[in-house]
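Here's the structure, in structure tokens; my notes come after.
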2 protein chains.
Amino acid sequence: MAVTGNGGGTPARDRVHRAAVRLFATKGFHGTGIRDLAKAANLSSASLYHYMPTKERLLADIMAASLQSLLDAALRELDGVDDPAERLDRLVTLHVTRHAREPMRTRVVDNEVDALTPASRRDVVGIRDAYEQLWSDALDDGLRRGVFTTTRPATTRLALLDMCNGVARWFSPGGELGRNDLAEHYADLARRLVGAPPRPPR
Amino acid sequence: MAVTGNGGGTPARDRVHRAAVRLFATKGFHGTGIRDLAKAANLSSASLYHYMPTKERLLADIMAASLQSLLDAALRELDGVDDPAERLDRLVTLHVTRHAREPMRTRVVDNEVDALTPASRRDVVGIRDAYEQLWSDALDDGLRRGVFTTTRPATTRLALLDMCNGVARWFSPGGELGRNDLAEHYADLARRLVGAPPRPPR
DNA sequence: GCCGGCCGATCAATCGATCGATAGGCCCGA
DNA sequence: TCGGGCCTATCGATCGATTGATCGGCCGGC
């Protein structure tokens, strides 16, 4: 393996993906040129194409991988948990923690869906739907068992998800609130939204 | 006044602005070409420049006008209202109603801020900050007077705004919920979020 | 000596923006 | 009432720059 004049020990493929996430998040997919991407990854624009078939496919891969990893983590997190309020807590905590840890990646996933070709979009939206279905199920389950209270559960679910998604738009690691405190606060807010009893103090 | 081969009685300036809102909202600012815009407005790309100095300035004007109109309406709405919960109700109702009535325009305002030049961005963000200050004031007021309950009011305000902003992302006029019912539901949710007593039934 | 990683040069297409020109209505002086 | 100058609205053609993508070839380690 030749390590020539690149940007440190990081493998080139990783550098490309990381640079893409950062640039797509800050300047948008269409606002990022192939040459911007190359410069940020310490490669020529030609070499870029050794690590991606197409700019659009690079975006699609990033989005699909991010969503798939979130979905997997959520399934792991919910495994064996029965109490609806606890299930909601875990979904919110996971979601917010991730959005705070990787706000750039999340912003790409949330904002660049309609830069995808129809084929890629179908894949990405499919994963996203499966993930959001977990939230719907948790909400419905809590309502059925009388733990949650809300008219219009569908709308409440959307409000809840939008609230949690927002974190990626403004969170910065240097802020007054750490990731974990933030996630706990959001779990409290979520319980209020769905009319569940407050979380027991630790 | 010559009405030649344009697209109906609508003045050309309006057609340009409307087309820009629609295209910027669906394809993004950088994803929309001057020629797309011209075709959608029934003009040549040259004629376009009789109604805008620059593509970027067109975006900035649309965003500033939309935000300024929202800020004005909010000031009007709050005028003379003292009860903190009622103030919050009015902010939420206005915000959600607008976002549901003009989701495209709102999506442009929310998503294309970093397509602006630094100068334009300063103007736009200034208006947005003034508007969000109204929410902060309402929240602080309610907390000071013991009507609201929340630790971390700054974070709660962000969560609240993100929740309300989300409406523009998914609302469609044909849905099961009308604009007014939706706004009322969100007012209920907002009260829950800040720990205020439920709104009295009408 | 071959092969994966990498690049400079370059492709056609499209980008945002500008040019000079034309057509038609309006106003004002004769 | 005419006529000429002006203004607004519009266009086709085109500008230089940049876009995403491709090509042939070089280089160094196995």
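Proteins get letters first, then strands, A, B, ... in listed order; numbering begins at 1 in each.
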Seminar exercise, completed: By nearest-nucleotide position on DNA chain D, the 5'-leaning member of B:R13 and A:G33 is B:R13

For this session: Report yes or no: does A:H95 contribute a side-chain atom to a donor-acceptor pair with the main-chain N or O of A:L91 at less than 3.5 Å?
Result: no

Exercise. How many Å lie between CG on B:L37 and C1' on C:dA17, as a whole number?
Worked result: 13 Å

For this session: Keeping the roles fixed (side chain from B:D36, backbone from B:G33), state whether a donor-acceptor pair exists under 3.5 Å.
Result: yes

Exercise. Among A:L139, A:V147, A:T150, A:L143, which one satisfies side chain to side chain contact (heavy atoms under 4.5 Å, CB included) with A:V194?
Worked result: A:L139

Problem set entry | Carboxylate-amine/guanidinium proximity below 4.0 Å for B:D82 and B:R145 | yes

Exercise. Atom CZ of B:R15 and atom P of D:dT10: how far apart are they, to the nearest Å?
Worked result: 7 Å

Exercise. Once you round it to whole Å, what is the distance between P of D:dG12 and CD1 of B:I34?
Worked result: 16 Å

For this session: Would you indicate which nucleotide in C:dA17, C:dT10, D:dG12 comes nearest to any side-chain atom of B:A46?
Result: D:dG12

For this session: Report the distance from atom NZ of B:K39 to atom P of D:dT10, rounded to the nearest whole Å.
Result: 18 Å

For this session: Nearest whole angstrom, please: distance from the C1' of D:dG20 to the NE2 of B:H30.
Result: 16 Å

Exercise. In whole Å, what is the span from the CG atom of A:L43 to the P atom of C:dG8?
Worked result: 11 Å

For this session: Whole angstrom is fine here: how far is it from CG in B:L48 over to C1' in C:dC19?
Result: 16 Å

Seminar exercise, completed: Regarding the side chain of A:S47, the nearest nucleotide among D:dT10, C:dC6, D:dA21 is C:dC6

For this session: Go through residues 49-60 of chain A and report each residue with a non-hydrogen atom lying under 4.0 Å from DNA chain C, sorted by number.
Result: A:H50, A:Y51

For this session: Might you confirm whether atom CZ of B:R57 has over 12 heavy atoms from other residues, nucleotides or ligands at distances under 6.0 Å?
Result: no

For this session: Could you tell me whether the side chain of B:E56 and the main chain of B:T117 form a donor-acceptor pair under 3.5 Å?
Result: yes

For this session: Write down the distance between CZ (B:R35) and C1' (D:dC15), rounded to a whole number of angstrom.
Result: 11 Å

Seminar exercise, completed: For A:E86, the side chain to side chain contact (heavy atoms under 4.5 Å, CB included) test, sequence neighbours excluded, returns A:V81, A:D83, A:D89, A:R90

